[in-house]
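Quick notes on the structure that follows.
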Amino acid sequence: LQRCRRRMLSHPHEAWPERLYRTLGAWRGFVDARGPAIAGEGLQLEPLGHQHLADFAWQYHDPQIAALCCLPRFADDAQWHAWLERCWRYGDQRLYAVLHPEWGFVGSVSLIECTVGQARVGFFYYWLGADFQGRGLGPRAVRLLLAHARATRGLRSCHAKVFDHNRHSRRALETLGFRALPVRGIPPFDGETFYRLALDREADVEPAQAVEELRLLLDAMDAETRLAAPLTARGAQARAQAA
């Protein structure tokens, strides 16, 4: 920004410094409205913006990514831009580009946060480009994201789901400390396993309470997935209190 200002003063007839200045200013405003980048050792999470289109598309070309993460298959650039705008408008969702200091954009991670009862609860997913899978980058990005959410917004626990046949992601979640929940989805979502991670000791609850927390979280997210587990007396009471 400073270099643009100097160039505008020294070369007032050039148009590009002002255009670049406005572009950078708009990007700064975008980041300020959604939170700063999250810096960690060897990785940085930067709010996913429209300027990431080319890098996103390059890493997202593998159709397995969309299928395993239940994400759209984008027909063109306009559809991707519209999807990104819609995700940020939800207000409770944060999307980040996962940036490596040498390789650049390697994938993306997203966290949805809702208040369930008195606790702040999250639901996340991540994906990495095919060339960067199996290097431990996904778990590192998730740890960085959840630690930041816990420190800045009081996140108490986090949920995730994976398809039963996705053994790689299931192992990654277990490595992060997530525990599988004794619950299935109502068809056609009965082929997915749900996981939960308690971010502090007080959030480490019994499985029945964890399932009810997930049920309320999915309701708050207005998710299509519905759980098949029956309501317990304690769960019904928690649902009534949350309502």
Side-chain angles (χ1 to χ4, degrees), residues 64-72 87 90-95 107-128 133 138-139 141-143 145-147 149-150 153-243:
Q64 285 297 309
I65 294 174
L68 293 176
C69 295
C70 300
L71 291 172
C87 290
Y90 288 142
D92 58 1
Q93 182 173 6
R94 291 174 170 81
L95 295 89
S108 179
V109 63
S110 174
L111 177 66
I112 299 174
E113 297 180 42
C114 299
T115 300
V116 175
Q118 302 298 320
R120 196 68 175 163
V121 181
F123 194 97
F124 93 97
Y125 73 83
Y126 76 90
W127 62 266
L128 296 175
Q133 296 172 10
V142 173
R143 290 191 185 98
L145 176 65
L146 297 184
R150 179 185 179 186
R153 296 185 297 280
L155 190 71
R156 298 290 305 283
S157 61
C158 191
H159 293 259
K161 67 174 182 176
V162 296
F163 288 106
D164 292 342
H165 59 79
N166 190 352
R167 290 178 293 178
H168 177 76
S169 291
R170 294 179 66 174
R171 286 197 301 270
L173 287 174
E174 291 165 1
T175 299
L176 287 164
F178 280 78
R179 296 180 180 178
L181 297 178
V183 63
R184 309 297 294 181
I186 295 175
F189 304 103
D190 53 337
E192 300 171 337
T193 301
F194 296 89
Y195 286 82
R196 181 183 187 270
L197 174 67
L199 297 177
D200 57 52
R201 290 185 178 180
E202 295 181 358
D204 192 4
V205 298
E206 296 295 325
Q209 293 175 279
V211 169
E212 184 60 20
E213 178 185 82
L214 173 60
R215 185 190 302 278
L216 295 172
L217 175 61
L218 293 173
D219 286 346
M221 292 167 51
D222 195 25
E224 294 182 358
T225 304
R226 290 293 179 265
L227 303 183
L231 281 172
T232 63
R234 180 181 298 176
Q237 182 181 6
R239 175 183 283 267
Q241 292 174 349

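Atom CG of L146 and atom CG of L176 lie 7.5 Å apart (nearest 0.5 Å). A distance of 8.5 Å separates OG in S110 from CG in L71, rounded to the nearest 0.5 Å. From E213, atom CD reaches atom NE2 of H159 across 3.5 Å, with rounding to the nearest 0.5 Å. Within the model, atoms SG of C69 and NZ of K161 stand 10.5 Å from one another, a figure rounded to the nearest 0.5 Å. Here the CD-CD distance, from E206 to E212, works out to 14.5 Å after rounding to the nearest 0.5 Å. Interatomic distance, R150 CZ to S157 OG, rounded to the nearest 0.5 Å: 11.5 Å.
Y126 and G138 get closest at one heavy-atom pair: CE1-CA, 3.5 Å. Between V211 and P182 the shortest heavy-atom distance is CG2-CD, 4.1 Å. Of all heavy-atom pairs between I65 and L128, the closest is CD1-O, 3.7 Å. In terms of heavy-atom proximity, L111 sits nearest to C158 at CD1-SG, 4.0 Å.
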ask   = So Q209 and D204, side chain to side chain contact (heavy atoms under 4.5 Å, CB included) or not? Walk me through it.
value = CA-CA 10 Å; Q209 293 175 279; D204 192 4; over 6 Å; no
request  = Could you walk me through whether T225 and F194 pass side chain to side chain contact (heavy atoms under 4.5 Å, CB included), step by step?
outcome  = CA-CA 11 Å; T225 304; F194 296 89; 3.6 Å; yes
inquiry  = Set out, in order, the CA-CA distance, both residues' side-chain angles and the distance that settles side chain to side chain contact (heavy atoms under 4.5 Å, CB included) for R184 and D164, then state yes or no.
reply    = CA-CA 11 Å; R184 309 297 294 181; D164 292 342; 2.5 Å; yes
Please tabulate, for the side chains in residues 112-123, all donor-acceptor contacts under 3.5 angstrom to protein atoms that are two or more places apart in sequence or on a different chain.
{"unit_1": "E113", "atom_1": "OE1", "unit_2": "R120", "atom_2": "NE", "d": "3.4"}
{"unit_1": "E113", "atom_1": "OE1", "unit_2": "R153", "atom_2": "NE", "d": "3.2"}
{"unit_1": "E113", "atom_1": "OE2", "unit_2": "R153", "atom_2": "NE", "d": "2.7"}
{"unit_1": "E113", "atom_1": "OE2", "unit_2": "R153", "atom_2": "NH2", "d": "2.6"}
{"unit_1": "T115", "atom_1": "OG1", "unit_2": "R120", "atom_2": "NH1", "d": "2.9"}

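Looking at heavy atoms from C-beta onward, Y195 lies in side-chain contact with V162 at the 4.5 angstrom threshold. Looking only at side-chain heavy atoms (C-beta outward), F163 and C70 come within less than 4.5 Å of each other.
Salt bridge absent: R171 and E174 never bring a charged side-chain N and a carboxylate O closer than 4.0 Å.
Counting heavy-atom neighbours within 6.0 Å of R170 CZ, excluding the residue itself, gives a total above 12.
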